[in-house]
Protein chains: 2
Amino acid sequence: MNMNTNKHIDVALELLKESPLKVTNQRNDIIRILFKNGNCHFTAEDVHCEVQKLGLNISLATVYNCLNQFTKHKILKSVKTSCDKIYFDTNVTSHHHFFCKTTSQLIDIDSKNIKFSKLPKIPGGKKLQSVEVVVNITD
Amino acid sequence: MNMNTNKHIDVALELLKESPLKVTNQRNDIIRILFKNGNCHFTAEDVHCEVQKLGLNISLATVYNCLNQFTKHKILKSVKTSCDKIYFDTNVTSHHHFFCKTTSQLIDIDSKNIKFSKLPKIPGGKKLQSVEVVVNITD
DNA sequence: ATCGTAAATTAGAATTATTCTAATTTAATG
DNA sequence: CATTAAATTAGAATAATTCTAATTTACGAT
């Protein structure tokens with residue numbers, strides 16, 4: 001391991017190649033950062049810090065562009081929480097989250113660990129898009 | 001009806017009196033706006049527009065202050081959605097929401113219309129605070 | 001390989017929602 | 001009515017994100 005390539009990175013790089021997005025150095029670098037450790041949650045600022053730490057020269061605007069484009073093309077997922085930042089999630093499967101209000105930490109909840117025995121009727125004329133559960137926790 | 005006082009307004013005004021907050025003209029006016037139509041969802045900007053429409057002179061800063069203080073003292077509830085604004089909800093009971101991504105409209109879901117048959121184990125050392133369900137819908 | 005072009009990158013400005021600041025006014029207690 | 005802590009206010013500040021417009025790059029077609 002630790003050779004800057006692994007299963008998660010390879011899968012994401014492959015998704016990038018298959019997408020209509022162009023494969024640039026910046027996008028490759030950002031994918032390596034994001035998918036280095038499997039399922040993770042990042043803010044744009046987190047990613048930009050890591051970029052700097054690695055001595056890469058990628059502007060914050062590009063980080064935002066990449067994260068947004070990746071999200072649009074299902075390489076990433078975005079998560080809104082009760083704090084004011086957008087989190088990007090490398091787990092693109094349908095799942096839910098714990099959000100710790102003390103530490104602002106997000107933790108995945110696998111779909112199979114939340115089951116509904118009752119869901120409300122969708123208002124007339126509208127279509128169901130998704131059901132998002134956030135389990136807020138504290139220290 | 002329509003005499004600028006009704007059950008919802010009276011209840012909220014009573015909560016204000018019982019709270020440690022001071023009863024000011026601005027707070028009375030804002031409560032009248034918020035609770036005029038029973039359960040509703042507002043952004044600070046919505047409330048400020050209504051204030052202007054009624055010819056009241058209440059600054060946007062005061063609107064924010066009031067909404068935040070009311071929330072802290074359980075006269076209102078705040079709701080975060082996948083859009084970038086904070087919504088304030090006059091329904092302070094525990095409940096969930098539909099969020100229409102097309103219209104940015106929030107609709108209450110009564111607690112009794114969502115039931116879980118399985119919930120995940122809370123991570124060690126953490127305490128459950130709340131479970132929030134957002135059912136995203138589209139036109 | 002080289003070209004042409006649409007897409008990507010960039011620095012910095014702009015935007016948007018919200019909070020802060022510091023001066024003034026007000027509510028409510030004694 | 002006098003006191004004082006809280007509330008109000010206009011406008012500045014902040015923070016996350018998006019936009020602008022100039023430059024560079026990827027990559028399919030020649």
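Throughout, a chain's letter reflects where its sequence line sits, starting with A, and its residues are numbered from 1.
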J.: Would you mind checking if B:E45 and B:K85 are paired as a salt bridge, meaning a charged N to carboxylate O distance below 4.0 Å?
T.: no
J.: Students often get this wrong, so: under 4.0 angstrom with heavy atoms, is A:T24 touching a base, only sugar-phosphate, or nothing?
T.: sugar-phosphate
J.: Just to be sure I understand the geometry, which residues of residues 64-73 of chain A put a non-hydrogen atom under 4.0 Å away from DNA chain C?
T.: A:N65, A:C66
J.: Name the residue closer to the 5' end of DNA chain D, choosing between A:I86 and B:Q26 according to the nucleotide with the nearest heavy atom.
T.: B:Q26
J.: Is any NZ, NE, NH1 or NH2 atom of the basic residue among B:K127 and A:D139 found under 4.0 Å from an Asp or Glu carboxylate oxygen of the other?
T.: no
J.: For the residue pair B:F116 and A:F116, is the inter-centroid distance of their aromatic rings smaller than 6.0 Å?
T.: yes
J.: So, is B:S59 near the phosphate of D:dT9, with a side-chain N or O under 4.0 Å from OP1 or OP2?
T.: yes
J.: Considering residues at least two apart in sequence or located in another chain, which fulfil the salt bridge (charged side-chain N to carboxylate O under 4.0 Å, His left out) criterion with A:K121?
T.: none
J.: Please pick, from C:dT9, D:dC27, C:dG12, the nucleotide with the shortest atom-to-atom distance to any side-chain atom of A:A61.
T.: C:dG12
J.: Between A:E45 (CD) and D:dT18 (C1'), how many Å, whole number?
T.: 15 Å
J.: Do other residues, nucleotides or ligands put more than 12 heavy atoms under 6.0 Å from B:N57 CG?
T.: no
J.: With sequence neighbours left out, write down each residue that passes ring-ring contact (aromatic ring centres under 6.0 Å, His included) with A:H8, or none if nothing qualifies.
T.: none
J.: More 5' along DNA chain D: B:K22 or B:L60, using each one's nearest nucleotide?
T.: B:K22
